[in-house]
Amino acid sequence: SGSSAAALLPEEDCMKLNPSFLGIALSSLLAIDLWASKRLGVCAGENSAWGSARPLMKVIEVSGHGIPWLLGTFCGLCQSNSSAAREVLLNLLFALLLDLVLVAVVKGLVKRRRPNHNKMDMFVTISVDKYSFPSGHATRAALVCRFVLRHLVLAVPLRVLVVLWALIVSVSRVMLGRHNMTDVLFGLLLGYSLYSVVEYCWLSPLSAPALFALW
């Protein structure tokens, strides 16, 4: 009988024969994620459906890369003559560095490979960039978007542009085939949450006088 046969099997084989509902649900979601991500990777190569838009998507990719943001923030910090501006820029630099470290740690722990249709021609990569979960661009876009909207006085059209930039950068990761949808969604959530950590650990002349003494 089936019950007696199952009793003779090792425990792990019995688990495979009787998968949990959670296991089935996660496997189904993963399959949907991979399928949808491949369908949406319309700029993954020059011969893809929207291959002609790939150069534009790569420009958007660079706009969300960590190096331009780090260099731009550091240069602004060095040239700023306002104590209030220096405080904001120093905390933005802290946020960007924290973002890089956290994303690298999560990628190294999860070790999810990039989609098979991805073309590894990204701008300046490091060892953990061979992994895709989470999307560092999406994390950074959400973090910077929330930071800018909170600490810069912008007109409504500019605020809308900042939000659109964050969304376009995130969507471009799937369109270029760099990431699966869940990589981007988790990255957005992580970046949004990371801003709260930056606010909680906000650096000021009172809490970090040594840092402000450098500028």
Side-chain angles (χ1 to χ4, degrees), residues 11-13 15-16 19-41 44 57-58 60-71 73-74 91-147 166-203:
E11 182 179 355
E12 59 271 18
D13 290 337
M15 293 174 63
K16 292 178 183 178
S20 65
F21 174 78
L22 179 60
I24 295 175
L26 290 177
S27 297
S28 300
L29 288 175
L30 177 60
I32 294 172
D33 178 36
L34 296 176
W35 173 82
S37 301
K38 187 172 184 179
R39 292 293 300 271
L40 293 174
M57 290 294 105
K58 293 187 69 174
I60 295 173
E61 177 178 63
V62 174
S63 76
H65 197 281
I67 290 181
W69 277 101
L70 284 170
L71 291 178
T73 304
F74 183 76
N91 280 278
L92 178 57
L93 183 63
F94 166 66
L96 293 170
L97 291 172
L98 184 62
D99 165 65
L100 286 176
V101 172
L102 183 59
V103 169
V105 169
V106 176
K107 282 187 175 183
L109 291 174
V110 178
K111 295 183 178 179
R112 185 184 193 185
R113 293 288 177 177
R114 291 187 182 271
N116 293 329
H117 55 283
N118 173 50
K119 185 178 180 181
M120 287 297 291
D121 58 349
M122 293 178 288
F123 171 74
V124 186
T125 60
I126 58 177
S127 59
V128 293
D129 284 330
K130 62 185 176 182
Y131 303 123
S132 71
F133 186 91
S135 166
H137 279 69
T139 304
R140 189 173 304 108
L143 172 64
V144 170
C145 177
R146 197 175 174 196
F147 191 100
L167 293 176
I168 291 172
V169 167
S170 301
V171 172
S172 72
R173 310 312 293 153
V174 180
M175 294 179 66
L176 281 169
R178 306 294 197 206
H179 293 278
N180 295 304
M181 291 174 55
T182 49
D183 303 334
V184 172
L185 292 175
F186 185 83
L188 287 171
L189 179 61
L190 182 61
Y192 187 88
S193 303
L194 188 58
Y195 172 78
S196 299
V197 177
V198 175
E199 280 288 295
Y200 181 79
C201 302
W202 188 262
L203 304 176

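Positions are given from 1 along the sequence. All values below were derived from every heavy atom in this structure, side-chain atoms included, with hydrogens, water molecules and symmetry-related copies excluded. Here the structure is a predicted model, which means the values were calculated and not measured.
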Task: Whether over 12 other heavy atoms sit under 6.0 Å from Met181 CE - done: no
- [ ] Kindly check if the number of other-residue, nucleotide or ligand heavy atoms within 6.0 Å of CZ (Phe94) is above 12?
- [x] yes
- [ ] Might you work through the side-chain contact (heavy atoms from CB on, under 4.5 Å) test for Arg112 and Asn180, ending with a clear yes or no?
- [x] CA-CA 10 Å; Arg112 185 184 193 185; Asn180 295 304; 3.3 Å; yes
Open item on the list: The test is side-chain contact (heavy atoms from CB on, under 4.5 Å); show your working for Lys58 and Ile60 and say whether it passes.
Closed with: CA-CA 5 Å; Lys58 293 187 69 174; Ile60 295 173; over 6 Å; no
In plain terms, say whether [X] and [Y] are close enough for a salt bridge, that is, a side-chain N and a carboxylate O under 4.0 Å apart.
X      : Y      : answer
Arg146 : Asp99  : no
Asp183 : Arg114 : no
Asp121 : Arg178 : yes

Open item on the list: Can a donor-acceptor pair be found, under 3.5 Å and without considering hydrogens, that links the side chain of Ser132 to the backbone of Arg113?
Closed with: yes
Open item on the list: Closer than 3.5 angstrom, by distance alone: can the side chain of His179 be matched with the main-chain N or O of Val174 as a donor-acceptor pair?
Closed with: no
Open item on the list: Taking the side chain as everything from C-beta on, heavy atoms only, tell me whether Arg140 gets closer than 4.5 Å to Val103.
Closed with: no
Task: Criterion side-chain contact (heavy atoms from CB on, under 4.5 Å) on Val106 and Tyr131, from CA distance to verdict - done: CA-CA 10 Å; Val106 176; Tyr131 303 123; over 6 Å; no
Task: Worked check of side-chain contact (heavy atoms from CB on, under 4.5 Å) between Leu70 and Leu100 - done: CA-CA 10 Å; Leu70 284 170; Leu100 286 176; 3.3 Å; yes
